[in-house]
Amino acid sequence: MSDIIVASGLVKRYGEVTALDGLDLRVPEGTVLGLLGPNGAGKTTAVRILTTLLRADEGQATVAGIDVARDPQGVRSRIGLSGQYAAVDEHLTGFENLDMVGRLYGLGRTRSRERARELLERFSLADAGDRPSKTYSGGMRRRLDLAAALVAEPPVLVLDEPTTGLDVRARQEMWDVIQELVSGGSTLLLTTQYLEEADLLADDIIVIDHGRAIAHGTADQLKSQVGGERVELVVQDEGDTRAAFAALATVATSEVQRSGGGKRLSARVDAGQRALADVLHRLQEAGVEVLDIGLRRPTLDDVFLELTGHVAEERDNEADQDRELVGSKEGSR
Amino acid sequence: MTTLTETRRPAAAGRRTTPATVLADSWVIAKRNLIKIKRVPEILVFILISPIMFVLLFAYVFGGAITPADPEAYREFLIAGIFAQTVVFGSTFTGAGLAEDMQKGIIDRFRSLPMSRAAVLIGRTASDVVYNVLTLIIMALTGLLVGWRIRNSMFDALAGFALLLVFAYAFSWVMAYVGLLVPSVEVINNASFIVIMPMTFISNAFVPLESFPTPLRIFAEWNPVSTVTQASRDLFGNNLPMSAPSDAWSLQNPVLYTLIWTVVIVLIFAPLSIARYRRTSA
Ligand SMILES: Nc1ncnc2c1ncn2[C@@H]1O[C@H](COP(=O)(O)OP(=O)(O)O)[C@@H](O)[C@H]1O
Ligand SMILES: [Mg+2]
């Protein structure tokens, strides 16, 4: 299978900040690559370079065999982008938004209109299609934005955090839509902050931090590095930490990790349910009161902890915060 | 939901920019901007309140003080100035519209499409001409109500309106550049106020130039807002009867002088704005 997206050694600096620090990636035709990383990792920067919105300081990238720096217009006619913040015109109806995008892809009047109606239907927006998109919910806007990316049936789709900021139901709907695309054989580059999402949607995952790939593999490979299930508990009283630590250590198959000022402990376990019962029993015997205890699946934080020894930190980022504000304002309308 | 089986044929593969696609794309963008007038007609009301207020304030409050002998003639004199001020201020719209599109990420969408790089700006400046046409019509009607009359031929008057629109169009390109440079609607509004307000007040838009102290008068004589005002005032036939015409070349040849400014502004700011748009990122 040939690689539709190939990037090597991408570097992008913003003054002191190195947003991308030599990123390599490949997306074979018909597969989904998940770019997984915390806020500020460089996901959007990578997406912007691959979609010709930004020029890399160093490195090369091709999309469908076309160099993004040398022939950006050629790349643009072969990609569909749904950015991190839904880029729909709030004064236009859903139909008008899609029709406009079709015209700007050069589809012509008739085809653009047909395509707009088709997509509204597919994305469950047919009823809302003739209302200004200002009246849409956050989830509907995201779907409309995704529909806009599909207007010209591009061979490559790029979705930047398609579910960030959506509520549980809207997120599920978005996942359904993306899964149908994936089963239809689209080539997709997807960024996300959620391991769960990458696990569900991506064939292949690259974990990035500080603009660099720190791990690469399938979801299963990554999880086996991190271990399957974890027992996590929070003690009520700081004085009990030592006892709780000991209880957890007897069943743990990894080091016990502490966070939350030492009151939160977690560790990998095998046979989760039995391990949990065991820990509970020992805590009971030691007379330790816990605020919370449970089994959970590994998260991005666990992957990070395992790979880098630190949790995925939220970087202070004014630009991002500003955009976030704009996003939430729009979302609440 | 039906199955989303995407065909692999890229419908837009290899779309290239030609003069025809520049025009087609600009038209799509202009239409998109005009839909906003339809959806948010309040905008038009706001644009019109201040010019109508100006007509009424100047005509009835200051009119008697400025030309006590002939307040009616002053009202006619004033209208061309108000027209000029309003259409020049209309350019703020271009900047604010682009800034808003940047803030909302729409520009990113456009920049990721295989469309002409110039179309977003050509479409925007073109649709803002429509705003100015609408405001001119409404202001002209208000003017007629307060006693303004066209004293020349209809053809001359239309030429006057056309010159106002063409000059404002050039100014739109200046504000387009500012809008891409400073993508904040608030900053654009304040900046344009700070620049355009003195340009319109240190001009012959509201008062005859004889009353100005010399340095200000020289600035005003060569200020293109004065010349576009003078040109349309001449074409409407609305000069004050007792006022001595300025002998500055710019005001002796206001149409030509205004057109020179128009061309120069577009030649400088259109390429600057388009270059800025290509590199811009929100
Ligand atoms: N326009 C910009 N100017 C300055 N710094 C930026 C800009 N865009 C992104 N950055 C910085 O680059 C880093 C990567 O950002 P980004 O690619 O947006 O991360 P992500 O999408 O993974 O959250 C962050 O530290 C961010 O602050
Ligand atoms: Mg991002």
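Here is how names work: the chains are called A, B, and so on, in the same order as the sequence lines, proteins then strands, and each is numbered from 1.
In this structure, chain A has heavy atoms under 4.5 Å from both the backbone and the side chain of B/Ser112. With a 4.5 angstrom heavy-atom cutoff, A/Ala148 touches chain B via backbone and side-chain atoms both. Contacts between A/Ser112 and chain B at a heavy-atom distance below 4.5 Å are absent for every atom of the residue. In this structure, chain A has a heavy atom under 4.5 Å from the side chain of B/Ile35, while its backbone stays farther away.
Judged as a salt bridge (Lys or Arg N to Asp or Glu O under 4.0 Å), the pairs with a partner in residues 36-55 of chain B (not counting sequence neighbours) are, in order, A/Glu96-B/Arg39, B/Lys36-B/Glu100.
Side-chain contact between A/Asp99 and B/Val28 is absent, with no heavy-atom pair separated by less than 4.5 Å. A/Tyr85 is not listed as a side-chain neighbour of B/Gln103, based on a closest heavy-atom distance of 4.5 Å or more. Two residues are said to be in side-chain contact when any heavy atoms from C-beta on lie closer than 4.5 Å; B/Arg117 and A/Gln73 meet this criterion.
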Check the pair A/Arg103, B/Arg32 against side-chain contact (heavy atoms from CB on, under 4.5 Å), reporting the backbone distance first and the verdict last.
CA-CA 11 Å; A/Arg103 299 294 290 276; B/Arg32 169 240 168 191; over 6 Å; no
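Atom NE2 in A/His91 sits 6.0 Å away from atom CD1 in B/Ile43 (nearest 0.5 Å). Remark: A/Leu104 CG to B/Ile29 CD1 distance equals 5.0 Å, nearest 0.5 Å.
A donor-acceptor pair under 3.5 Å links the side-chain atoms of A/Arg76 to the main chain of B/Arg111, judged by distance alone.
Chain B forms more heavy-atom pairs under 4.5 Å with one residue of A/Thr51, A/Val75, A/Ile79, A/Asp71 than with any other, namely A/Asp71.
When all heavy atoms of B/Gly105 and A/Ala87 are compared, the pair lying nearest together is O-CB, 3.3 Å. Minimum heavy-atom separation, B/Asp108 to A/Leu53: O-CD2, 3.6 Å.
Within a 6.0 Å sphere centred on CZ of A/Arg131, heavy atoms belonging to other residues, nucleotides or ligands number more than 12. Shown here is A/Trp175, whose CH2 atom has more than 12 heavy atoms of other residues, nucleotides or ligands within 6.0 Å.
Salt bridge B/Arg109/A/Asp145: present, at least one basic N to carboxylate O contact under 4.0 Å.
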